[in-house]
There are 2 protein chains.
Amino acid sequence: MVEKDTRRRTIHDVAQAAGVSISTASNALNGTGRTNAETRERVIRVAKEIGFRPNALARGLLSKRSHAIGMLTNDTYGRLTLPMAAGVSEVLVDHGLSVFLCATNNDPRLARLHLEALLDRQVDGIIFTATRLDLEPPAELAKLAIPVVYAFAEGPPETISFFPDDAQGARLAVEHLKGLGRSRILHITGPEDYLSVRIRAEAYCESFGKGAEVHYGDWSEEWGHEAIDAVFSRPGEKPDAIFCGNDEIARGVIDALRDIGITVPKDVAVVGFDNWEVISRQTRPPLTTVDMELKEIGRRAGLAILRLTQGEAVPTGITRLSCRLVVRQSCGGQAG
Amino acid sequence: MVEKDTRRRTIHDVAQAAGVSISTASNALNGTGRTNAETRERVIRVAKEIGFRPNALARGLLSKRSHAIGMLTNDTYGRLTLPMAAGVSEVLVDHGLSVFLCATNNDPRLARLHLEALLDRQVDGIIFTATRLDLEPPAELAKLAIPVVYAFAEGPPETISFFPDDAQGARLAVEHLKGLGRSRILHITGPEDYLSVRIRAEAYCESFGKGAEVHYGDWSEEWGHEAIDAVFSRPGEKPDAIFCGNDEIARGVIDALRDIGITVPKDVAVVGFDNWEVISRQTRPPLTTVDMELKEIGRRAGLAILRLTQGEAVPTGITRLSCRLVVRQSCGGQAG
DNA sequence: GGAATCTGATAAAACCTTTTATCATCACGA
DNA sequence: TCGTGATGATAAAAGGTTTTATCAGATTCC
């Protein structure tokens, strides 16, 4: 009985089958050196026939480029990190780069463990992402010899970071509401110690002007309820629009309004933030909300790493990427 | 001005600094061969001093084990895949294995591209996960020379698959409701062409017995509303409990019940499926639901790959892992 | 004292690929 | 005929690590 050889084919096998030396095979396959057109064709044909694929480890060992990057994330695979990872991967896969995903779960020990593993693997670069903008990235990162890009996280000076443009997103929401004729717009949002919360609140105040009113709380539906109950039970003029810090709060707001007999969007228009579809599509009415374009942030971060690994320069500093307003039915206007 | 040497330290540097040969250094560091205790200590100390870490590429090239695995997933980083990825990573990181995450986005071209990249990188194994149990995994997978494990997906015969135990999960829900004295339990669930939907429905019917009633629909809150409206507007006896196919449906059901003046859990108890916390924690009252323990599925899949790469045998076939009932307030009972 | 055994260290091969330098062959011009 | 250049192929080195086989020296035993 003949044993089938299950070994992977190497360039040695190609050379032997094509009747040339290893170096000639390599030159032919990579288009380097000087090779006769006929031999080159033959080598390529033979390589395809026997199913040769170069060993990335050997290649990386020599070139000192592993064609892999690491993605280090702060959180346990939350909803922010993953769309970004999709964007990163999307940009890189066609350039032959693969992505190691490392969840540090906010544990410094785990972060160091993963970081060391990545360096041992000679990754070409690292993308660091966080769930909160104002969370400090591990200091070791800044000292590495390989490129590092921060996405949804801010690195030290002279590094490269990508963020959603929170201020522009907030303005988008407020301008939309103003454009629909709303004049008493409230802002109900998350905890004030989040940087993004402060930026959005500030942009809201500037854009809306006199009469702006911000209610800080937490990221829950519960809080949306509470805030509405408080606002509508006090005397005086009532708001005709609510700009919410995220979609969960918006959902609570909408439910609370319905409970006290106020119609959305006729009496009060509501805008959310995040476009977390499981929530925003399922509210009644479906929620108009600000999408942070996380996938695009991932794409840009991936592109930056790609350029850096190719030795090109990428401008340092923070790049803020535009948010997009997703119009559904919670504001009235064209969609009714 | 002296240039700082930014090169990574190699075992050659260690050997030189310790005044021994490369082989001795290797033996000392790995505890192989015969080494004098004193020399061994010295080598280890020197290695630590100059910050030596072995190059994983070189190591992998020789040992033919890259100490990395690939995770191939069907969906665009959905909520099912990611808890599993966390579980996988959690098990493997302490064994020095890293994880390549590849999202195929249901595109066969992309799947092949990623698969080839993984093989070129000499990964030690592959975990395939899908968003739907009855989706066919790519056929190439079965022919690979490296171990493959399926998580939340079924491989061909003689392969290794891990699933949540849908039947047990459904029984858990029904028994819980029965134990609380509920006697007219309805099942409102997703599309009948999902295998898991059929399994859960069947288990519900068996466990509940005579009078079982299944309503198939889609995975939306909308559908939960509709179903409740239909059931409660028809004549005859009304249910006192609803077992829902997922948390979104359950949320729709709870909202619909409130709208028609029926109190949860006093008049009708509700159980969900998935324990998708953004929903299950935020319903009013918070939802009692079945958790599929996705992270545990990931852990088991990771463990299986680990064993296989170490040459140990792992029993083939489908392993169904128990679901867990998360008791909140939507059923009454001890939690009120 | 000489053979046998043991100890500790090392040289060299191997893993697979790319690249540099070398070599052989042939054509061509002087 | 000899040198010059160009062409096409190849041997060898390099990358960093592990492993096998070898070697020198010390120890033990008769």
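A note on names: the letters A, B, ... follow the listed sequences, proteins ahead of strands, and every chain is numbered from 1.
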Under-4.0 Å side-chain N/O to phosphate OP1/OP2 contact, [X] with [N]:
X: A:Asn55; N: C:dC15; result: no
X: A:Asn36; N: D:dT7; result: no
X: A:Lys64; N: D:dA14; result: no

Discussion item. What I want to check is whether an N or O donor and acceptor connect the side chain of A:Ser21 with the base of D:dA9 at under 3.5 Å.
Written reply: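 No such pair is found, so the answer is no.
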
Discussion item. Using a distance-only criterion (donor-acceptor N/O pair, under 3.5 Å, no hydrogens), is the base of C:dA11 paired with the side chain of B:Ser23?
Written reply: yes

Item to complete: Show your reasoning for whether salt bridge (charged side-chain N to carboxylate O under 4.0 Å, His left out) applies to B:Arg7 and B:Asp13.
Response: CA-CA 11 Å; B:Arg7 236 181 60 256; B:Asp13 299 323; 3.1 Å; yes

Once you round it to whole Å, what is the distance between [atom2] of [N] and [atom1] of [X]?
X: B:His12; N: D:dG15; atom1: NE2; atom2: P; result: 10 Å
X: B:Arg8; N: D:dA14; atom1: CZ; atom2: P; result: 21 Å
X: B:Arg65; N: D:dG16; atom1: CZ; atom2: P; result: 23 Å
X: B:Leu57; N: C:dT18; atom1: CG; atom2: C1'; result: 14 Å
X: A:Arg9; N: C:dT17; atom1: CZ; atom2: C1'; result: 17 Å
X: A:Leu29; N: C:dC16; atom1: CG; atom2: C1'; result: 13 Å
X: B:Leu61; N: C:dA14; atom1: CG; atom2: C1'; result: 9 Å
X: B:Arg59; N: D:dG15; atom1: CZ; atom2: C1'; result: 16 Å

Worksheet item: Crowded around B:Glu158 CD? As in, over 12 foreign heavy atoms under 6.0 Å?
Response: no

Discussion item. For A:Leu82 and B:Thr81: C-alpha separation, side-chain torsions, deciding distance, then whether side chain to side chain contact (heavy atoms under 4.5 Å, CB included) applies.
Written reply: CA-CA 10 Å; A:Leu82 299 154; B:Thr81 301; over 6 Å; no

Worksheet item: If you find the nucleotide of DNA chain C closest to B:Ser63 and the one closest to B:Thr24, which residue's nucleotide is nearer the 5' end?
Response: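 The residue closer to the strand's 5' end, by nearest nucleotide, is B:Thr24.
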
Item to complete: With A:Arg40 as reference, evaluate A:Thr24, A:Thr35, A:Val20 under the side chain to side chain contact (heavy atoms under 4.5 Å, CB included) test and give the passing residue.
Response: A:Thr35

Hey, does [X] reach any base, or is it just sugar-phosphate, or nothing, if we go heavy atoms under 4.0 Å?
X: B:Thr35; result: sugar-phosphate
X: B:Thr39; result: sugar-phosphate
X: B:Ile22; result: base
X: B:Arg34; result: base

For the side chain of [X], starting at C-beta, report the closest nucleotide among [options].
X: A:Ile11; options: D:dT17, C:dT17, D:dT18; answer: C:dT17
X: A:Asn27; options: C:dT18, D:dT7, C:dT19; answer: C:dT19
X: A:Pro54; options: C:dT17, C:dC15, D:dA9; answer: C:dT17
X: A:Leu62; options: D:dT18, C:dT18, C:dC15; answer: C:dT18
X: B:Val20; options: D:dG8, C:dC16, C:dT10; answer: C:dT10

Worksheet entry | Closest contact, heavy atoms only, B:Ala304 versus B:Val149 |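 In this case the closest contact between B:Ala304 and B:Val149 is CB-CG2, 4.0 Å.
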
Item to complete: Report yes if the distance between the aromatic ring centroids of A:Phe100 and B:Phe100 is under 6.0 Å, otherwise no.
Response: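 Yes, the ring centres sit under 6.0 Å apart.
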
